[in-house]
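Everything quoted here is computed from the prediction, not taken from an experiment.
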Amino acid sequence: AGLASLSGLTRHSPQSTDQRNNMSIRAAAGEQLDWSFGLRNGAMKYLTAETFGYRIATAANIMKKKQIWFLEQEEGEDHVYIKSHLNRYLIVDGDGNLKGDAEDKTDETQLVIEAQDDGRWCIKSKKYGWYLGNDPSIERSAFESEKQEKHMWTVHLAMHPQVCLRNINRRAYVHLADNQLCTDELIPWGDDATITMHFFSEDGTYGLVSAEGSFLSASGALMSDPNETCKFIIVFNGGKVSFKSKSSGKFLTALGAKGTCKATKSAITKDELFEMEDSFPQIKLTAVNGKKVSIKAGIEVSATQTETTDLEIFQIEPAGKVGDDVWTIKGCSGKFFSVVDNAVQCTAEAVTGDTEKFKIEWHGPSIAIQSVANGKYLEQKLNGYIHAIGSEASAEAKTTYVYEIINRPKLVLRGEYGFVGTLPSGLLECNKSVPEVYSMHITKGFCEIKHANGKYWKVGEAGVTCDGGAAEKYTMSLHEESMMCIMYNGKYFEGFQNGAFTCTGSKPGKSTFFEY
């Protein structure tokens, strides 16, 4: 299996420099993620694009902003373009030198990726047929046409590790059910459909982690402590991925009526192909009457239920251009909230205009939702039905709703300078290249965050630590580009370039945004 065909791999949409600097690569619901990645050589050094002079090197031991590359491909072509965080392309010149300063796409920036059996890549110039050597500081490092060990690169995915996995043949999503990963959920609903991609740094393989923290093994069993059978090589196939067991050499497939995930196949068919999609936040809402907002009653949305099922869970997705701060709200039926004669219905097959768009205001543990179509807030009427008729956001006006995010029991945060992680001392830092997974529990709009050691996050004068015996109650707000702010005692959690992670921010912004 290889990258002979990369057709459809990336529908690369224009993104601002700020977005790229935040290492944020997102996709709309139901669309595969664009590929962003690091390239690591055999000496465990990452290919780096230096800001000064657009020079490239392999000197960094960890993957941060300068080590992240973006893959672009034109429809129907067998070559790709690899762009740095500086928006410059890799180029191989006629003397066999690898550079990172090309402003535009040319025949010298056209590269061909050859995926090896162990998952590593060899990359060569399409024009000259020369392979990219793993030390660009050496003169003419891309001047050899015979593939060697020094031309091998380990691929380290750089997108946020929490995704939804859609099987191509079954057109269904992988989710946790009966202590197995099954492939029979048509819409990825609830925390069970969130999969975390765990990078095993020592050999460049990946683990598939379920919502409750267990690793998938080649046999299909879920294991709390991963071993060699839990390691998979990601094989890229025309925009899709397959997972090859490192221990058995077999490919992950979906078996039986439930599509149970096991590595049993020796070749790749549609049953062994998956797409990675963004995992958008899903929430439940409790109205002022103490009842859950639901679509159980039928067409109209109402706050009438006391229990939480899929009918009381809603997915919020950004709509419009970045900066609009506009959202859509989707039910488990796959249909969107829409304002019809002021009544809120969950009937829209697609987003066709302002009637399906909403603004969300964050008020501590509660939110207020405002219709873009008429400017009114969603108000709970006496009979429980929800109408867009409110003129103010308050509990007294019955226009606020206590929220709980239900599909992030495992929390991974990435800020402007890297992932949030824990030092041996227990102090949190925000410049890590490898994600750390924390447990998050949200009750009545307040969240508690806990380390794997059982200790809670605790705000102190020196920063945030994982040594709390009791949980502190945080609130949050969600923003476009899958960003989150976390607040405590009127201050925002904030990250700094030196890795400091403190609760000192005064407002939402670049330093207080964390991709979740």
Side-chain angles (χ1 to χ4, degrees), residues 17-24 60-68 85 158 160-162 281 325 361-365 367 403 405 408-443 445-516:
T17 301
D18 281 347
Q19 288 169 285
R20 290 191 173 223
N21 287 350
N22 279 327
M23 304 187 292
S24 174
N61 294 313
I62 59 177
M63 182 176 67
K64 294 187 179 180
K65 179 178 67 176
K66 294 180 180 180
Q67 288 75 42
I68 292 180
H85 69 103
H160 194 279
Q162 290 178 308
D325 198 25
E361 296 178 4
W362 302 87
H363 300 276
I367 62 173
Y403 72 94
I405 300 175
R408 284 297 185 276
K410 302 297 181 184
L411 182 68
V412 174
L413 292 177
R414 180 167 63 178
E416 182 181 3
Y417 304 108
F419 289 102
V420 174
T422 312
L423 294 174
S425 65
L427 186 68
L428 295 180
E429 286 194 333
C430 65
N431 61 351
K432 304 304 180 187
S433 63
V434 177
E436 183 168 345
V437 180
Y438 300 93
S439 296
M440 180 172 73
H441 182 69
I442 302 177
T443 304
F446 292 98
C447 69
E448 305 169 354
I449 305 175
K450 186 166 61 174
H451 188 270
N453 64 9
K455 298 292 186 179
Y456 291 94
W457 281 19
K458 183 178 180 180
V459 175
E461 291 184 4
V464 184
T465 56
C466 284
D467 60 4
E472 294 179 333
K473 306 290 187 181
Y474 307 137
T475 58
M476 61 181 62
S477 60
L478 303 183
H479 301 269
E480 295 166 306
E481 296 296 301
S482 293
M483 295 295 176
M484 166 191 286
C485 291
I486 305 175
M487 294 84 77
Y488 181 62
N489 286 344
K491 293 291 185 180
Y492 288 76
F493 285 76
E494 162 173 54
F496 297 88
Q497 189 167 4
N498 64 359
F501 183 63
T502 62
C503 188
T504 54
S506 59
K507 61 182 180 180
K510 199 171 182 180
S511 66
T512 59
F513 280 155
F514 293 90
E515 187 182 351
Y516 62 95

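- Contact check for K507 versus T512: no side-chain heavy atoms found under the 4.5 Å cut-off.
- What you find for A60 and Q67 is that their closest heavy atoms are CB-NE2, 3.5 Å.
- Of all non-hydrogen atoms in T475 and G445, the two that sit nearest each other are CG2-O, 4.1 Å.
- Residues W362 and L478 meet the side-chain proximity criterion, which asks for heavy atoms closer than 4.5 Å.
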Criterion side-chain hydrogen bond (donor to acceptor under 3.5 Å, both in side chains) on S511 and E494, from CA distance to verdict: CA-CA 5 Å; S511 66; E494 162 173 54; 3.0 Å; yes
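- No donor-acceptor pair closer than 3.5 Å links the side chain of H85 to the backbone N or O of K64.
- Side-chain N/O atoms of Y438 and T422 include a donor and acceptor closer than 3.5 Å.
- Looking at every heavy atom in both residues, L413 comes nearest to M484 through CD2-SD, 4.1 Å.
- P161 places a side-chain heavy atom less than 4.5 Å from the side chain of F419.
- Between the side chains of H479 and S477, a donor-acceptor pair is found at a separation under 3.5 Å.
- Taking CG of L411 as the start and CD1 of I486 as the end, the distance is 6.0 Å to the nearest 0.5 Å.
- Two rings, from F493 and Y488, have their centers 6.0 Å or more apart.
- Within the 4.5 Å cutoff, the side chain of F513 has heavy atoms near those of the P508 side chain.
- With contacts defined as side-chain heavy-atom distances shorter than 4.5 Å, the pair C503/Y492 does not qualify.
- Among M476, K473, H441, the single residue meeting the side-chain contact (heavy atoms from CB on, under 4.5 Å) criterion with C447 is M476.
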